Amino acid sequence: MALILGIESSCDETAAAVVRDGRDVLSSVIASQIAVHAPLGGVVPELAAREHLKALDPCVEAALRESRTTLDDIDAIAVTQGPGLIPALLVGLNYAKGLALGHGKPLIGVNHFMAHIYGAFLDGEDHLLREKATYPLLALVVSGGHTSLVLVDGEGNARQLGSTIDDAAGEALDKGSKLLGLGYPGGPAIQKAGADGDINAFNFPRPLTGAAGKPLDPALRYSFSFSGIKTALLYHVRKFGGDDGVLSGKLLADTAASYQYAVVDTLVRKTLSAARDFGARTVVLAGGVACNKVLRADLAERLPGNIRLQIALPKYCTDNAAMVGGVGYCHFLKKEFADFNIDSFARLPKFVRVPFANSIK
Ligand code: KG4
Ligand code: ZN
């Protein structure tokens with residue numbers, strides 16, 4: 001039995017969790033900074049760092065208290081090393097180093113993307129990560145900061161097939177929501193505003209899908225671009241919003257639904273192409289945008305029946321430390337400990353070894 005304390009601070013959530021054997025989430029505490037960043041319309045990295053500094057101690061204390069453990073019981077401390085916002089990551093990483101050093105615990109650096117993938121298998125499904133039939137596994141990780149397709153093979157090699165060349169999908173929703181006067185975070189706000197709207201009322205672009213009849217550069221087959229959608233929405237608001245640029249009633253609902261569906265349809269098209277091209281046997285949907293009901297339903301409906309769809313529970317879609325503790329356990333089993341001079345990193349490297357596929361049967 002091993003207890004891992006997970007710590008997460010890559011963006012605007014400070015989180016700590018105690019996870020037993022990579023499976024049982026004994027506690028998962030999240031301090032959200034939404035209220036701090038909301039008036040500014042997005043995450044400010046330096047502000048996030050300062051907030052992490054304040055929130056880390058209470059989060060870790062609460063995670064230990066709720067799991068009825070103490071630091072003495074903890075076998076290792078796993079912390080998100082990257083990708084993410086460097087100022088934010090640094091605070092969590094240095095905090096974890098201090099805690100590990102001070103209490104004589106091994107330190108484990110966790111890749112945030114691999115943690116998002118692992119998060120889709122938390123709550124009893126982690127065994128699937130060790131089964132050969134699960135691979136190749138294709139993960140769509142979509143959040144406010146990331147939009148990436150990652151392929152994991154049965155040997156435990158992860159490769160980023162493509163990512164966004166400008167805005168992330170969540171960013172497109174957040175910025176779109178701001179344009180529509182719906183507030184931050186935009187994903188849930190747009191989902192709510194568009195709940196009764198018509199997804200086909202307006203035709204927003206599906207960038208880099210070839211949908212507009214423009215041939216797609218093969219190098220961009222698995223890449224995303226969401227800045228054009230936002231501009232299209234700006235023109236739409238100018239056209240229909242009158243002098244004050246405000247949409248309301250059915251017009252607002254149809255706009256929100258159509259805009260959201262343009263993002264969803266783009267994500268699903270790209271995922272389906274990649275799944276087909278690489279013979280994926282599992283598709284994982286993770287990251288904050290994976291909370292979106294329309295995305296979850298649309299992907300489930302359009303994915304061929306012979307491909308398993310693994311969607312993270314909403315509580316493990318957005319940033320959390322349980323997923324960090326889960327991956328941390330896999331490193332722990334392999335005795336992959338970090339030394340104390342490890343650094344944070346902002347971007348996902350092209351190739352990553354995943355720790356959870358090591359004992360695939
Ligand atoms: O993973 P996350 O908590 O943080 C990072 O960005 O790393 O994701 C936050 C993003 C925001 O852009 C937010 O608008 C989006 O996830 N989001 C959603 C929903 N809930 C959160 N997007 C669409 N629909 C939702 N229900
Ligand atoms: Zn994330």
Side-chain angles (χ1 to χ4, degrees), residues 6-15 28 30-34 37-38 40-45 48 51-52 80-86 88-89 92 110-120 139-148 150 163-164 167-180 182-195 224 226 229-230 256-257 259-268 284-299 311-324 326-327 346-348:
I7 294 176
E8 157 65 38
S9 74
S10 67
C11 189
D12 61 343
E13 265 105 18
T14 319
S28 178
I30 302 172
S32 168
Q33 303 177 4
I34 283 180
H37 300 284
L40 302 156
V43 181
V44 181
E51 292 300 311
H52 286 311
T80 300
Q81 200 184 340
L85 306 171
I86 292 290
L89 286 164
V110 170
N111 181 301
H112 186 74
F113 267 66
M114 299 311 128
H116 268 303
I117 296 174
Y118 196 96
L140 173 67
V141 181
V142 261
S143 70
H146 310 288
T147 304
S148 286
V150 176
S163 62
T164 179
D167 291 352
E171 213 174 338
L173 295 172
D174 291 338
K175 290 178 179 169
S177 172
K178 203 172 164 188
L179 272 173
L180 294 173
L182 296 171
Y184 178 86
I190 288 190
Q191 179 179 295
K192 193 163 166 233
F224 299 89
F226 287 109
I229 289 190
K230 196 182 56 194
Y259 182 75
Q260 172 180 260
Y261 194 66
V263 173
V264 166
D265 185 35
T266 304
L267 293 171
V268 173
V284 167
L285 178 60
V289 179
C291 289
N292 188 270
K293 287 183 186 152
V294 178
L295 175 59
R296 295 168 87 95
D298 201 60
L299 187 56
I311 307 185
L313 294 173
K315 65 180 170 182
Y316 300 133
C317 281
T318 45
D319 288 346
N320 65 87
M323 63 185 193
V324 178
V327 174
R347 297 188 164 278
L348 184 68

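In this text the structure is predicted, and so the values were computed from the model without any measurement. Every number for a ligand or one of its atoms is a count from 1 in the order of the listing.
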Numbering as shown, the atoms of ligand 1 that approach G186 to under 4.0 Å (heavy-atom distance): 14 (O)
For atom 19 (C) of ligand 1, closest protein heavy-atom neighbour: P188 CD, 3.6 Å
Value rounded to 0.5 Å, distance of CD1 in I30 from CG in D319: 8.0 Å
Identity and distance of the protein heavy atom lying nearest atom 26 (N) of ligand 1: Q191 OE1, 3.2 Å
Distance from atom 22 (N) of ligand 1 to nearest protein heavy atom, with residue and atom: G187 CA, 3.2 Å
Residue that, paired with H146, satisfies side-chain contact (heavy atoms from CB on, under 4.5 Å) out of P83, C11, S163: P83
Contact atoms of ligand 1, heavy-atom distance to G145 under 4.0 Å: 6 (O)
Heavy-atom nearest neighbour of atom 24 (N) of ligand 1 within options I34, L173, L85, N292: N292
Sub-4.0 Å atoms of ligand 1 with respect to non-hydrogen atoms of E13: 3 (O)
Any N, O or S atom of H112 closer than 2.8 Å to the Zn ion (ligand 2): yes
Where ligand 1 meets D174 - atom numbers and elements under 4.0 angstrom, heavy-atom basis: 11 (C), 12 (O), 13 (C), 14 (O)
Polar contact flag for G144 and ligand 1 (N/O pairs, less than 3.5 Å): yes
Heavy-atom side-chain contact between L348 and V150 under 4.5 Å: yes
Atom pair OG1/CZ of T266 and F226 - distance to nearest 0.5 Å: 5.0 Å
Distance (rounded to the nearest 0.5 Å) between L267 CG and L295 CG: 6.0 Å
Aromatic plane relationship, H116 with H112 - under 30° parallel, 30 to 60° tilted, over 60° perpendicular: perpendicular
Validation row: V142, L285 side chains within 4.5 angstrom (heavy atoms): yes
Contact atoms of ligand 1, heavy-atom distance to D319 under 4.0 Å: 1 (O), 3 (O), 4 (O), 5 (C), 7 (O)
Reported NZ-to-CG distance for the pair K230 and L179, which is rounded to 0.5 angstrom: 8.5 Å
Atom name, D319 (N, O or S, nearest to the Zn ion (ligand 2)): OD1
Shortest protein heavy-atom distance from atom 21 (C) of ligand 1, along with the residue and atom involved: G288 O, 3.4 Å
Under 4.0 Å to a heavy atom of T318 - the qualifying atoms of ligand 1, by number: 1 (O), 3 (O)
Under 2.8 Å: N/O/S of H116 next to the Zn ion (ligand 2): yes
Option from I190, D167, I229, V264 for which side-chain contact (heavy atoms from CB on, under 4.5 Å) with L173 holds: I190
Separation between CD of E51 and CD of Q33, rounded to the nearest 0.5 Å: 5.5 Å
Nitrogen or oxygen atoms of E171 and ligand 1 under 3.5 Å apart: no
Structural part of K293 in contact with ligand 1, heavy atom criterion under 4.0 angstrom: neither
Straight-line distance of M114 CE to T80 OG1, nearest 0.5 Å: 12.5 Å
Atoms in ligand 1 flagged as close to G170, the criterion being non-hydrogen separation under 4.0 Å: 12 (O)
